[in-house]
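To start, the structure itself, in structure tokens.
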Amino acid sequence: MNKEEVKNAVVFLASRCNFASTLDGRGFNKLDTLGGHELAGRPLEQWSEDDFERGLRYVQKYRTQLEKAGFIIPKSEREKSKSKINIATEKGWYVVGFEYNGLLVARIKEIEGRRYDPAQKKWLVPSTSREGLRRFLEENEFSSEAEALPEIIEKPESRSRVEEGEKTYKIFFEYNPKLVAAIREVAGRRFVRESGSEPHWTVPKTKAAMLALLPILQEGEFVMPESVKEEIMKKHEAAISNQRDSGAYSIDEPFEIDGLSGTLRPFQKACVKYIASNPKTIIADEPGLGKTIEALAAVQHLNAYPVVVVCPATLKLNWRLEAKRWLPGKTVEIWEKGNQRAADIIITNYEMMPKQEAEIRELEPKALVFDESHKLKNKKGIRTKAALALSKDIEVVLELTGTPVMNRAEELISQLKIVGHLEDLGGEWTILRRYCWNSDKTEEFNRNLRATCFVRREKDKVLDELPKKQRIVVPVAVSLANYNRRKKEVIEYIALKMKADEELMHAIEGKTKEEKKEIIQRHRKTQKTLSALLPEIESLKQSAAEAKMDSVIEWIRDFIESEKKLVVFGHHQSVVQRIASEFGVEYINQHTALKDRQRLVDDFQCNPSTKIIVGTIGTMGVGLTLTAAQDVLMVELGWNAAQMDQAEDRIHRIGQKGSATAWYIVAEGTIETELMEMIEQKRALATEITEGIGSASAREALERIIKTLLDE
């Protein structure tokens, strides 16, 4: 049978399963239920060779009901190899003879202590390996002649058993190479050989361990108390459920959260549901899917207040904005030096957290949230040690990261320790040896993670739920010293200009038409018009951009960790030049030759290792196709929305599938805040004129900025 035929048979058995504990002709029996359902529910493309072999065993075991249902079950290899056997005893040996069969020779060689006697042309098996010989006969379904020994065929009482310890299960069995190899695959297993006690294996009572342990116990026919059997099956079922839910994009039952001021998307509800059952979890959804909202919703659902949010300094204002938007009934405080007032939601940054450790403990938080948690990957770092100390006795610990950590398992070690699940997955050494130094085990690591504490969904899978283009504003706190000095100079300049305009009005009062015209012409030669003030305001915009550059660089660096491509737009030469220099790339502006522009675009579009392209809005924002990315960052704001919309559309061209995300980093306390608000108002009214600074809309924006500056 091929894999598809076996999968169809397993699915059929699962559909008829009534959880009976015996072979009653209705699907799987109780021992096979969870394993059979798990195999039936797994996509065929994810079946390993071991899964295929397990499916074949199910098919042979339940062949009677499958054949009654119309399935055609070919003879198994075991049946094909059926052969007559002669067995005799000779001085502590079993003498085994059968017609030559290469498959059977390979199988008898697996019996410990066996050897071939060429004189007799028979195999000799020591009496100490009676159990191995019995299993050999049973597995290969030999028919026996008169000299067969009944005591070999009779199945002895099982010496394989499971006992319950405080934090582990103790697994006892006679040495069997296959069984030892299987038990070594269980996450966190240990072999114990102590004087005065029987050698045995211990397996932690974790979901990841149960994924591998239950099939071993079922096939090995282990004896255990009924309560232990039920507990193992329950944990296995929870692990399978977690695996399914960790990648779920929706949930079937109604799911509402009281006190949440907004509606979660279906995949966000699925995340909160997973966290409700696994409150110490890593949320690794791709950027743009709303990890911040998922974390806030989970804390609200679990009523885990007060909560302390630790994030990069660049994201503190964004967390405050989202917390107030989604949880208006909760108090929010950003902890700075000298301000550590209690609140429902406390927001601090990684640099401050170690210094605030004592104050955080006094707060007695019920939840900790670590945003961009890959910043905790250095296990020797001060911030990592502080995070570990704080999280030990916390009920809810959430780590948010967009980095696809399954491919860099070593970076997860400290993060798993902080959420309390490092040992559940086998411990540091096991993760390094099994998953970091063995690329073949990536899928296994993924399954164990999802069964334990990990949620990840991809943007491409939820396109129907996302708008075709979404905009996310990220406010950042900046040092305003240089900006305020420049602002003062601009305000003084504008004031002088307006004073000159007033003097002009007095000068032309009562004059004839010709006299007025002459006076105005003289005035224009010495004073600047409104449009001519643009360079002064542009210099202030540039000062605001320069004030946030450290935050911009940090944000880009964090984003690139997600291994997604990013298009970065700036306006001023100094801004794009610094970004390009920081990331070792060229940038596109009006001086870039056409052939070089195309070379940079082609590299970005076609080279998977090229993650960023940088350019000015005026040059790179028109005519180029940059659809290899789904994310664009606007470092600076233009004077009208049309110019930025056009730049955004470089990643979202007609006919492209996918949802585009435009990120806007806005310097708090600068004219960027006012300008962003005006742009959003114009977008809402859909009245933007696209001719540039000469348009009525842009003049209106300039006038409003000037008025705002003078009113401060």
Straight-line distance of Glu336 CD to Ile347 CD1, nearest 0.5 Å: 10.0 Å
SB check Arg320 Glu333 (cutoff 4.0 Å): no
Pair Thr627-Gln605, side-chain hydrogen bond (donor to acceptor under 3.5 Å, both in side chains): steps then yes or no: CA-CA 7 Å; Thr627 50; Gln605 288 286 91; 3.3 Å; yes
side-chain hydrogen bond (donor to acceptor under 3.5 Å, both in side chains) involving Arg578 - partner list, sequence neighbours excluded: Asp550
Evaluation steps, side-chain contact (heavy atoms from CB on, under 4.5 Å), between Met634 and Ile665: CA-CA 7 Å; Met634 296 295 186; Ile665 297 181; over 6 Å; no
Lys379 (side chain) donor-acceptor with Ile413 (main chain) under 3.5 angstrom: no
Side chains of Val478 and Glu668 in contact at under 4.5 Å (non-hydrogen atoms): no
Nearest atoms (heavy-atom pairs only) where Ile345 meets Lys330: CD1-CB, 4.1 Å
Check: Arg383 side chain, Glu351 main-chain N or O, donor-acceptor pair, under 3.5 Å: no
Residue pair Gln630 / Thr661, side-chain donor-acceptor N/O under 3.5 Å: no
Test: Glu294 and Arg265 ion pair at under 4.0 Å: no
Working for side-chain contact (heavy atoms from CB on, under 4.5 Å), residues Val635 and Val576: CA-CA 9 Å; Val635 178; Val576 294; over 6 Å; no
Spacing of CD1 belonging to Ile612 relative to CD1 belonging to Ile556, to within rounding of 0.5 Å: 5.0 Å
Student check: side-chain heavy atoms of Ser391 and Val419 closer than 4.5 Å: no
Any donor-acceptor pair under 3.5 Å from Glu286 side chain to Lys459 backbone: yes
Leu637 backbone acceptor or donor facing Lys541 side chain under 3.5 Å: yes
Nearest heavy atoms of Leu449 and Tyr274, plus distance in Å: O-OH, 4.2 Å
Shortest non-hydrogen contact between Ile251 and Ala270, atoms and distance: CG2-CA, 3.7 Å
Arg450-Ser246 side chain donor-acceptor pair, cut-off 3.5 Å: yes
Heavy-atom closest pair, residues Ala647 and Phe569: O-CE1, 3.4 Å
Side-chain donor or acceptor of Ser581 paired with backbone N/O of Gln577 under 3.5 Å: no
Check: Lys564 side chain, Glu561 main-chain N or O, donor-acceptor pair, under 3.5 Å: no
Electrostatic pair Lys269-Glu256, nearest N-O below 4.0 angstrom: yes
Tyr249 and Glu458 side chains, donor-acceptor separation under 3.5 Å: no
Rounded distance [0.5 Å steps], CG in Leu633 versus CG in Leu566: 5.5 Å
Check: Gln598 and Asp602 side chains under 4.5 Å, non-hydrogen atoms: yes
CA sep, side-chain torsions, deciding dist, call: Val310, Val369, side-chain contact (heavy atoms from CB on, under 4.5 Å): CA-CA 6 Å; Val310 185; Val369 177; over 6 Å; no
NZ/NE/NH1/NH2 to OD/OE distance under 4.0 Å, Arg471 and Glu648: yes
Distance-only side-chain donor-acceptor flag, Thr281 / Asn278, under 3.5 Å: no
Donor + acceptor pair across side chains of His374, Thr401 (<3.5 Å): yes
Closest non-hydrogen atom pair between Thr673 and Val666, with its separation: N-CG1, 3.8 Å
Any donor-acceptor pair under 3.5 Å from Thr619 side chain to Thr616 backbone: no
Test side-chain hydrogen bond (donor to acceptor under 3.5 Å, both in side chains) applied to Glu636 - qualifying residues, sequence neighbours left out: His572
Between Gln542 and Glu546: side-chain donor-acceptor atoms closer than 3.5 Å: yes
Rounded distance (nearest 0.5 Å) linking atom CG of Leu296 with atom CD1 of Ile257: 10.5 Å
Flag if over 12 foreign heavy atoms under 6.0 Å of NZ, Lys417: no
Over-ring placement of Lys273 relative to Phe255, 6.0 Å and 45° cut-offs: no
side-chain contact (heavy atoms from CB on, under 4.5 Å) assessment of Leu315 paired with Asn349: CA-CA 8 Å; Leu315 298 180; Asn349 57 286; over 6 Å; no
Distance (rounded to the nearest 0.5 Å) between Asn448 CG and Gln243 CD: 7.5 Å
Whether Arg486 side chain and Asn482 backbone form a donor-acceptor pair below 3.5 Å: no
Expected output: side-chain Asp285 to main-chain Lys291 donor-acceptor under 3.5 Å: no
Check: Val632 and Trp663 side chains under 4.5 Å, non-hydrogen atoms: no
Closest contact, heavy atoms only, Met353 versus Ala386: CE-CB, 4.1 Å
Gln415 side chain to Ser373 side chain, donor-acceptor N/O pair below 3.5 angstrom: yes
Sidechain-backbone polar pair: Arg457 side chain, Phe267 backbone, donor-acceptor under 3.5 Å: yes
Note: Asp596-Arg599 ion pair, threshold 4.0 Å (strictly below): yes
Crowding at CD1, Ile382 (>12 non-hydrogen neighbours, <6.0 Å): no
Thr610/Asp603 under side-chain hydrogen bond (donor to acceptor under 3.5 Å, both in side chains): CA gap, chis, key distance, verdict: CA-CA 7 Å; Thr610 301; Asp603 181 59; 2.8 Å; yes
Gap separating the CH2 atom of Trp319 from the OG1 atom of Thr348, nearest 0.5 angstrom: 13.0 Å
Within-4.5 Å side-chain heavy-atom neighbours: Leu368 and Leu398: no
Side-chain donor-acceptor pair present, Arg325, Ser261, cut-off under 3.5 Å: no
Residues forming a side-chain contact (heavy atoms from CB on, under 4.5 Å) with Glu554, sequence neighbours excluded: Pro312, Thr314, Lys375, Asp558
Side chain proximity check, Cys311 to Lys316, heavy atoms < 4.5 angstrom: yes
